[in-house]
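Take a look at the structure below.
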Amino acid sequence: MKIMAGNSNLPLARAISAYLEMPLTDASVRRFADEEVFVEIHENVRGEDVFVVQSTSYPANDNLMELLICIDALRRASAKRITAVVPYFGYARQDRKPGPRTPISAKLVANLITQAGADRVLAVDLHAGQIQGFFDIPTDNLFAAPVMAADIQTRYGTQELMVVSPDVGGVVRARSLAKRLNNAPLAIVDKRRDRPGQSEVMNIIGDVKGRMCILIDDIIDSGGTLCNAAQALMDAGAAGVSAYITHGVLSGGAVARVSNSALKELVISDTIMPTEATASSDRIRVLTIAPLIGEAVRRIADESSVSSLFD
Ligand code: R5P
């Protein structure tokens, strides 16, 4: 087997290859003067089981093109099986038509990856589980929850915990984390806008008074959802609020918003390479999921069970 990397998250790709104790495939993924992507693989991959690590994070379109072109290069070099390892699958939030004459871009991206020549996909915490079904090739969806649960136990294990979903859509994810935390109780932030034009009211379902609240979500983008939820929880009497989020998209002024929020700490995984602002923030901590992805890659290569990683 071989591990190849695009440029979107080289530190993660290197950490995965270190876990697997094998070097990254010698390849260059670079730009021509006009910014077209060019890929050249400098070693034989004929008949190999190749895993290409590339998150389609910002800049999403460039990183997606790199992934597609890497897959094309591998296919034309006669790799036996190509797995697109996409720790952060961008465009995932466009998974349905929000209105007439709008696209379902997550499905389009799934089609592109398949058509480029991928035989399998490995992703982490897909925004919606059903995105797995957008691919007509085997797709493994890993969960960061075990890594997060272990960290929560270490940091907050002695406190009265409450797992909180920042919106109604995230309840299944929150419940699954709560189960891993000795069945910690669950609360939900329910955003309501009674009339159009009125500002949103945050109702907390569950009694968070005196509890250390752990907000859980798949994505932090602008930070609005999380920071507002954290404030609402503090207003409802929470002892403290920390957030565990798989994908730190952190666009625009999100890092500053987090720094000025009621959040004690934001913990993200390294599915997206942290920017300098993220890495230097004393309010944000990054947990690596390289061993989890590395182990899943090893099991796929060995044809052994991936789901048992989460038992
Ligand atoms: C939404 O469905 C996602 O799970 C996140 O809650 C959302 O993308 C977060 O976005 P933002 O940080 O911009 O509020």
Side-chain angles (χ1 to χ4, degrees), residues 55-60 86-99 102-107 109 123-132 134 141-145 148 163-178 186-193 199-205 213-234 241-275 277-278 281 283-286 289:
S55 277
T56 50
S57 48
Y58 176 85
V86 194
Y88 172 67
F89 180 74
Y91 282 102
R93 284 172 287 177
Q94 298 188 47
D95 59 353
R96 73 188 83 91
K97 287 182 72 165
T102 54
I104 305 182
S105 307
K107 172 62 179 156
V109 172
V124 181
D125 278 331
L126 285 167
H127 175 60
Q130 59 268 29
I131 294 173
Q132 250 181 318
F134 288 9
N141 182 22
L142 306 182
F143 307 111
M148 293 178 167
V163 175
V164 185
S165 172
D167 53 36
V168 176
V171 175
V172 173
R173 183 177 293 114
R175 195 183 297 130
S176 125
L177 180 74
L186 196 67
I188 304 164
V189 180
D190 174 35
K191 283 179 282 187
R192 292 267 171 100
R193 203 189 298 271
S199 61
E200 267 176 353
V201 181
M202 316 283 266
N203 299 303
I204 313 285
I205 304 173
C213 290
I214 305 291
L215 276 162
I216 169 112
D217 208 348
D218 60 331
I219 294 173
I220 173 166
D221 190 348
S222 67
T225 304
L226 216 60
C227 296
N228 292 339
Q231 189 57 56
L233 290 166
M234 289 307 288
V241 185
S242 283
Y244 281 74
I245 312 291
T246 308
H247 309 295
V249 174
L250 294 165
S251 313
V255 172
R257 193 165 293 124
V258 167
S259 302
N260 297 320
S261 74
L263 280 172
K264 194 175 154 73
E265 187 180 43
L266 165 66
V267 181
I268 53 175
S269 86
D270 56 355
T271 55
I272 296 176
M273 188 168 69
T275 59
T278 302
S281 165
R283 201 72 78 86
I284 304 177
R285 194 156 53 88
V286 182
I289 52 156

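In what follows, residues are counted from 1 in the order of the sequence shown. Quantities reported herein were computed from a predicted structural model and do not represent experimental measurements. Just so you know, ligand 1 is whichever comes first in the structure, and atom 1 is the first atom listed for that ligand. These numbers come from the heavy atoms of this one structure, side chains and all, not from hydrogens, waters or symmetry mates.
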Exercise. Before giving the answer on side chain to side chain donor-acceptor pair (under 3.5 Å), spell out for Thr275 and Thr278 the whole-Å C-alpha distance, their side-chain angles and the decisive distance to 0.1 Å.
Key: CA-CA 5 Å; Thr275 59; Thr278 302; 2.9 Å; yes
Can you find a heavy atom in the side chain of [X] that is under 4.5 Å from one in the side chain of [Y]?
X      : Y      : answer
Arg173 : Ser165 : no
Asp217 : Thr246 : no
Leu142 : Ile289 : no

Exercise. Assess Gly170 for proximity to ligand 1: is some non-hydrogen atom of it under 4.0 Å away?
Key: no
Exercise. Assess Leu226 for proximity to ligand 1: is some non-hydrogen atom of it under 4.0 Å away?
Key: no
Interfacing atoms of ligand 1 (cut-off 4.0 Å, heavy-atom, [X]):
X      : result
Asp217 : 4 (O), 5 (C), 6 (O)
His127 : 1 (C), 2 (O), 3 (C), 4 (O)
Ile220 : 12 (O)
Gly223 : 11 (P), 12 (O), 13 (O)

Practice problem: Ignoring hydrogens and angles, state whether a donor on the side chain of Asp221 or Ser251 is under 3.5 Å from an acceptor on the partner side chain. | Solution: yes
Quiz item: Counting heavy atoms only, which of Leu250, Asp218, Thr225 is nearest atom 3 (C) of ligand 1?
Solution: Asp218
In terms of residue, atom name and distance, what is the protein heavy atom nearest to [atom]?
atom                    : value
atom 9 (C) of ligand 1  : Ile219 O, 3.5 Å
atom 11 (P) of ligand 1 : Ser222 OG, 3.4 Å
atom 8 (O) of ligand 1  : Arg93 NH1, 3.1 Å

Quiz item: For Lys107, does the NZ atom have more than 12 heavy-atom neighbours from other residues, nucleotides or ligands under 6.0 Å away?
Solution: yes
Exercise. Look at Glu265 together with Arg283 and state whether they make a salt bridge at an N to O cut-off of under 4.0 Å.
Key: no
Quiz prompt | Contact (N/O only, under 3.5 Å) between Arg173 and ligand 1 | solution = no
Self-check item: Nearest atoms (heavy-atom pairs only) where Val171 meets Leu186
Solution: CG1-CD2, 4.2 Å
